[in-house]
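Both counts, for ligands and for their atoms, begin at 1 and track the order of listing. The model shown is predicted, which means the values in this text are computed figures rather than measured ones.
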Amino acid sequence: MSDTSHLHGAEFLKSQTAGLSEPAGSKALGESTERSAKQVREMAATIPQWQDWREAAHRIKRYAVAHLDKLLAEFERNISVRGVTVLYAADAAEANRLVIQIAQEHGVKRVVKSKTMVSEEMELNHALADVGVTALETDLGEYLVQLAGQRPTHIVTPALHLSAEDCGRLFADKLDEPYTAEHKALTDIARRHLREEYLRADMGVSGVNFAVAETGTIAIVENEGNAGLSTSAPPVHVALMGIEKVIPRIEHLPVFLNLLGRSGTGQKLTSYTHLIHGATPGKKMYVIILDNGRTRALADPKTRVALACIRCGSCLNNCPVYRRVGGWAYGWVYPGPIGSIITPQLVGLEKAGKLPFASSLCGACAEACPVKIDIAHQLVYLRHRAAKEPSPVRSMAERLMWKSWAWSMSGPLRYWLTMTAVRIGVRLAKFLPWHPLQLGAWTRGRELPRVPKATFRGNWRHNEK
Ligand code: SF4
């Protein structure tokens with residue numbers, strides 16, 4: 001399992017939000033996510049078959065998730081015949097060991113990486129640094145975040161929280177470039193620095209957006225050309241994928257490409273779509289397929305649909321909670337609504353049991369999701385499980401309170417007894433030196449309603465007479 005020691009579900013909205021909880025930070029985040037969400041809505045409204053695409057994608061993914069064993073074996077068979085080595089990793093530690101082993105076999109000292117969320121799960125950059133290998137992010141957002149020594153705040157636009165001025169200062173500080181906040185000048189600086197790195201790198205590491213079982217093809221989508229260079233320039237290419245990335249047939253790919261670009265950034269199609277069928281002659285290619293908690297999610301028929309996610313980021317852009325708190329508040333790799341359902345399943349409710357509660361359950365995420373994941377229902381179900389399962393993030397007092405509440409609500413007599421006790425208790429409370437109903441954070445920002453003299457039933461009987 002990857003290092004999740006920094007993940008404290010109980011700290012949601014506390015220490016992890018430093019910076020983004022500033023009014024200016026959340027305002028900028030809110031505005032850019034709202035802009036992206038609006039762009040996607042407008043784009044979807046012009047496509048009559050949008051809902052058909054969503055339904056088709058949902059069905060294909062559900063089928064793929066239900067047949068992962070067969071599809072992964074088929075994918076492995078078909079890509080191996082073209083010289084690609086396929087390896088499986090049960091957890092992040094094993095995946096890191098495999099990457100390091102490959103790096104050492106090929107004498108690798110410098111790695112260029114294109115965007116891969118799986119490598120974030122693995123904390124791959126740190127693992128490589130520990131054995132003396134330098135890993136450089138080449139996706140512009142990831143590059144900025146790496147230079148700043150931060151974590152991505154969004155799964156599609158990792159540096160969403162940085163302004164052009166922030167980027168200018170960062171380049172001046174870290175790359176010794178003259179300060180500028182002009183967008184083209186900034187991208188020129190990044191391009192100039194990164195170009196050299198592709199040529200010097202001994203190994204490229206990429207993610208995988210889709211792995212086609214029928215043809216043994218991996219599909220990688222991107223906008224900057226960095227994935228193309230990272231996968232083709234160095235002599236070794238390692239592609240990292242979660243087990244859920246496999247889809248059955250090549251004819252299924254277009255529906256996902258249609259949805260992913262549009263839902264992620266409002267583009268009809270991303271600028272580049274790479275279909276890699278095997279190793280380039282004279283070069284080596286490896287695919288590492290990672291579980292890291294996914295089979296745990298798969299084991300529960302109620303939650304396995306979360307594995308259908310294509311990481312478009314649309315649910316983040318539409319989430320009123322994410323818009324206010326940003327990505328770091330969620331404590332691990334996947335923020336926003338998808339993070340609130342996938343993180344507890346990958347790392348366990350005992351670590352991330354608070355995340356399913358980080359939602360208003362407004363349902364905007366599910367409406368925006370291109371593969372129709374019922375995120376709000378998943379959240380409610382995970383809340384139910386979090387309430388039932390023992391968890392260090394929930395206190396004994398909270399558990400006792402919910403147990404008593406469930407007992408008192410499960411019969412009219414119990415309810416009457418409880419309410420009578422509450423009424424007597426509240427009346428007696430005024431004689432105490434402290435108020436027994438000061439419930440910490442619950443009553444700090446709210447007033448408890450006054451208990452009326454007569455009950456509703458009492459009033460009803462009285463009025464009937
Ligand atoms: S849950 Fe749906 S909307 Fe959210 S990132 Fe995944 S595919 Fe996109």
Original post:
Any heavy atom of Ala368 sitting closer than 4.0 Å to ligand 1?
Top reply: no
**OP:** Kindly check if the number of other-residue, nucleotide or ligand heavy atoms within 6.0 Å of CZ (Arg82) is above 12?
**Re:** yes
**OP:** Answer whether the closest heavy-atom distance between the side chains of Leu316 and Ile338 falls below 4.5 Å.
**Re:** yes
**OP:** Start with the C-alpha distance between His237 and Ser206, add both sets of side-chain angles, then the distance that settles side chain to side chain donor-acceptor pair (under 3.5 Å), and finish with yes or no.
**Re:** CA-CA 8 Å; His237 170 207; Ser206 74; 2.8 Å; yes
Original post:
Got the closest protein heavy atom to atom 4 (Fe) of ligand 1, with its distance?
Top reply: Cys315 SG, 2.3 Å
Subject >> Other residues, nucleotides, ligands: >12 heavy atoms within 6.0 Å of Glu367 CD >> reply: no
**OP:** From atom 8 (Fe) of ligand 1, work out which of Ala308, Gly264, Cys312 has a heavy atom at the shortest distance.
**Re:** Cys312
Subject >> Heavy atom of the protein closest to atom 6 (Fe) of ligand 1 (residue, atom name, distance) >> reply: Cys309 SG, 2.3 Å
Original post:
Quick check: does Cys369 have an N/O/S atom under 2.8 Å of atom 2 (Fe) of ligand 1?
Top reply: yes
Original post:
Would you say the side chains of Ser119 and Lys113 form a donor-acceptor pair under 3.5 Å?
Top reply: yes
**OP:** Check each atom of ligand 1 against the heavy atoms of Ile338 and keep those under 4.0 Å away; list them by number with element.
**Re:** 1 (S)
Original post:
Starting from atom 7 (S) of ligand 1, which protein heavy atom do you reach first, and at what distance in Å?
Top reply: Ile310 N, 3.4 Å
Original post:
What's the shortest distance from atom 5 (S) of ligand 1 to any protein heavy atom, and which residue and atom give it?
Top reply: Gly313 N, 3.3 Å
Original post:
Does a donor on one side chain sit under 3.5 Å from an acceptor on the other, for Ser163 and Asp166?
Top reply: yes
Original post:
Which of the atoms of ligand 1 are close to Val371, meaning less than 4.0 Å from one of its heavy atoms?
Top reply: 7 (S)
**OP:** Look at the aromatic rings of Trp332 and Tyr334 and report parallel, tilted or perpendicular, splitting at 30° and 60°.
**Re:** perpendicular
